[in-house]
Amino acid sequence: MTLLVDGARLLDRIDQLGSISSGTGGGITRLAWSPEDLRARSLVGTWAAAAGASLRVDPAGNLIAERPGSRAGAAPVVTGSHLDTVIGAGPLDGAYGVVAGIEVLACLAEQGLVLDHPLRVMAFSNEEGVVAPPFTGSRAISGGFVESELSTPGPDGRTLASRLLDAGIDPTAVSRARWSGSVAATIELHIEQGPVLDRAGVGIGAVTGITGQRRGSVRVTGQANHAGTTPMAARRDALVAAARVVLSVHDLATAGPADVATVGRLDTKPGVPNVVPGDVVLSVDIRALAEASGDSAIERLRTQLAEIARETETTIELDVSPPTRAVLTDPDLRSMVIESAERRGLGCIELPSGAGHDASHLASLGPMAMIFVPSIAGISHNAAETTPPEDLVAGAQVLLDVIRRADNTRADRTSKQAR
Ligand code: HGY
Ligand code: MN
Ligand code: MN
């Protein structure tokens, strides 16, 4: 039976989600566990319920919509993405994959089609990591959550525990979100967030692998002092030292083992024109498709920070969050993506993902694949993020095809159901 997604419904729901934002500044801002994030989840929950799916929020705050399968004890097929955004985001990063997953549920329900495997559509918690280390929800599910994260202050000083409590989530229960069994297949649909598909004029990307990420913060402590009376040679200027740190991070990619390296945030104290900065905290985001490169980039950074500290007479501390390891996608699932695209006359190329995704954490539970659609001019994490509507619909159609193929062919006939 051929099943087609309802493109108008998909695009309308993406627009509806795009209207849920904190409204401060351009673009969309829906920080994890914020009132806007919770409003978006509740809207998605109504769509899932209308598609006849069961709905639950797990101890890590992941929203899980599930359609039961016909084979008792079968491991689930998982899709979905995230609803939280960066600050000033576009309408598609994360939301697209969630809406498309709900669209698959609606199509199956409307045709009365029951898959062998249960189908789980996820809205993972805190994928972006703006307010706390990223991938909270998908790491909790796959056993990568570290309890100490609960008490680590975020960029605004609030701890994760306090955020979870405000969102009605028990912080002491997060680790109980861990799934006990395996997953038959995880397929995440996402915009590419880079320029490759757009430049190639191709509508579908079959992802080969997802980059590894090491994120963290660097704290530089010098000595606040009078900007007028403190001789240059007597200063312990934290911002001058931090400036060298920024360039060291940059060079980890331009001259070193990392693929990309970014300082996205830098906070200076006391932040007053006539005071030599005494304290600077900056963020670090280092990525590499090759795992060893990520590790060696961190080691190289540690060596350079020690040298900068010595030469500037400051103290420099590096705090690295739990790493997200680089993962490869499953070749069988990847072939299903390519075959569906070709059968539908859609151009398809294979490419790696420079962006991180929840699917990389689900990969430890079973075979994983990602489907990309183009980002025009490769723009993302920006209000100008956009994708041709026909590509958004085509991507959702390929997701539906691949979920049905994976359901029919998974060799996981014996694996226990992940709970
Ligand atoms: O930052 C990323 O790679 C993703 O958008 N969370
Ligand atoms: Mn994303
Ligand atoms: Mn993102």
Side-chain angles (χ1 to χ4, degrees), residues 14 17-18 21 27-32 34 37 40 44 62-63 79-101 121-139 144 155 186-196 205 207 209-217 249 253 258-265 283-289 294 321-327 351-363 368 370-375 378-387 392 395 399:
I14 289 170
L17 271 179
S21 166
I28 297 167
T29 300
R30 256 193 328 258
L31 300 184
S34 66
D37 187 21
V44 165
N62 295 305
L63 182 66
T79 188
S81 193
H82 60 95
L83 293 171
D84 68 295
T85 70
V86 295
I87 296 169
L92 299 170
D93 179 0
Y96 171 49
V98 175
V99 173
V121 178
M122 308 294 296
F124 293 105
S125 288
N126 185 39
E127 189 272 352
E128 292 290 4
V130 175
V131 296
F135 309 115
T136 305
S138 50
R139 286 191 291 116
T186 297
I187 304 122
E188 182 172 355
L189 172 65
H190 206 285
I191 51 171
E192 179 199 334
Q193 300 182 287
V196 174
V207 176
I210 304 173
T211 185
Q213 281 189 43
R214 281 147 186 83
R215 292 208 212 168
S217 62
V249 170
D259 298 339
V260 288
T262 313
V263 172
R265 185 174 50 231
S283 65
V284 173
D285 179 319
I286 298 167
R287 307 196 186 190
L289 260 173
S321 304
T324 295
R325 301 278 172 207
V327 290
L351 74 166
S353 174
H357 299 286
D358 291 303
S360 60
H361 291 281
L362 274 281
M368 173 278 289
M370 283 203 78
I371 305 165
F372 275 173
V373 293
S375 295
I379 293 174
S380 183
H381 282 185
N382 179 313
E385 171 189 280
T386 186
T387 297
L392 292 172
L399 176 69

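Both ligands and their constituent atoms are indexed starting at 1 by order of listing.
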Q. Just how far is it from atom OG1 of T262 to atom CZ of R287, taken to the nearest 0.5 Å?
A. 7.0 Å
Q.
With a cut-off of 2.8 Å, does E127 put an N/O/S atom close enough to the Mn ion (ligand 3)?
A. no
(Q) Distance check below 2.8 Å: does E128 bring an N, O or S atom to the Mn ion (ligand 2)? (A) no
Q.
Assess whether a salt bridge exists between D285 and R215, defined as any Lys/Arg side-chain N lying under 4.0 Å from an Asp/Glu carboxylate O.
A. yes
Q: Answer yes or no for H357: is there an N/O/S atom below the 2.8 Å cut-off from the Mn ion (ligand 2)?
A: no
Q.
Using a 4.0 Å cut-off to any heavy atom of Q213, which atoms of ligand 1 qualify?
A. 3 (O)
(Q) Suppose we measure from atom 5 (O) of ligand 1 to each protein heavy atom; which comes out shortest, and what is that distance? (A) H381 NE2, 3.0 Å
**Q.** E127: numbered ligand 1 atoms lying under 4.0 Å from its heavy atoms
**A.** 4 (C), 6 (N)
(Q) Applying a heavy-atom cut-off of 4.0 Å, say which part of H82 lies close to ligand 1: side chain, backbone, both or neither. (A) neither
Q | Per-atom contacts, ligand 1 versus G356 - under 4.0 Å to a heavy atom | A | 2 (C), 3 (O), 4 (C), 6 (N)
Q | Spacing of T29 atom OG1 and D37 atom CG [to the nearest 0.5 Å] | A | 12.0 Å
Q: Tell me which protein heavy atom sits closest to atom 1 (O) of ligand 1, plus the residue, atom name and distance to 0.1 Å.
A: R287 NH2, 2.9 Å
Q | Non-hydrogen atom of H190 closer than 4.0 Å to ligand 1 | A | no
Q. For the Mn ion (ligand 3), does an N/O/S atom of H381 lie at less than 2.8 Å?
A. yes
(Q) If you apply the rule side-chain hydrogen bond (donor to acceptor under 3.5 Å, both in side chains), what do you find for H361 with T324, and how did you get there? (A) CA-CA 8 Å; H361 291 281; T324 295; 3.1 Å; yes
**Q.** ligand 1 atoms in contact with A355 (distance to a heavy atom under 4.0 Å)
**A.** 3 (O)
Q: Tell me yes or no: between the side chains of E385 and S380, is some donor less than 3.5 Å from an acceptor?
A: yes
Q: State, yes or no, whether a side-chain contact exists between M370 and T186 at a heavy-atom distance under 4.5 Å.
A: no
Q: Could you grab the distance from atom OG1 of T79 to atom CG of L362, nearest 0.5 Å is fine?
A: 10.0 Å
Q: To the nearest 0.5 angstrom, please state how far the CZ atom of F124 sits from the CD atom of E188.
A: 6.5 Å
Q: Determine whether the side chains of H82 and D358 contain a donor N or O and an acceptor N or O closer than 3.5 Å.
A: no
**Q.** For the Mn ion (ligand 2), the closest N/O/S atom belonging to D93
**A.** OD1
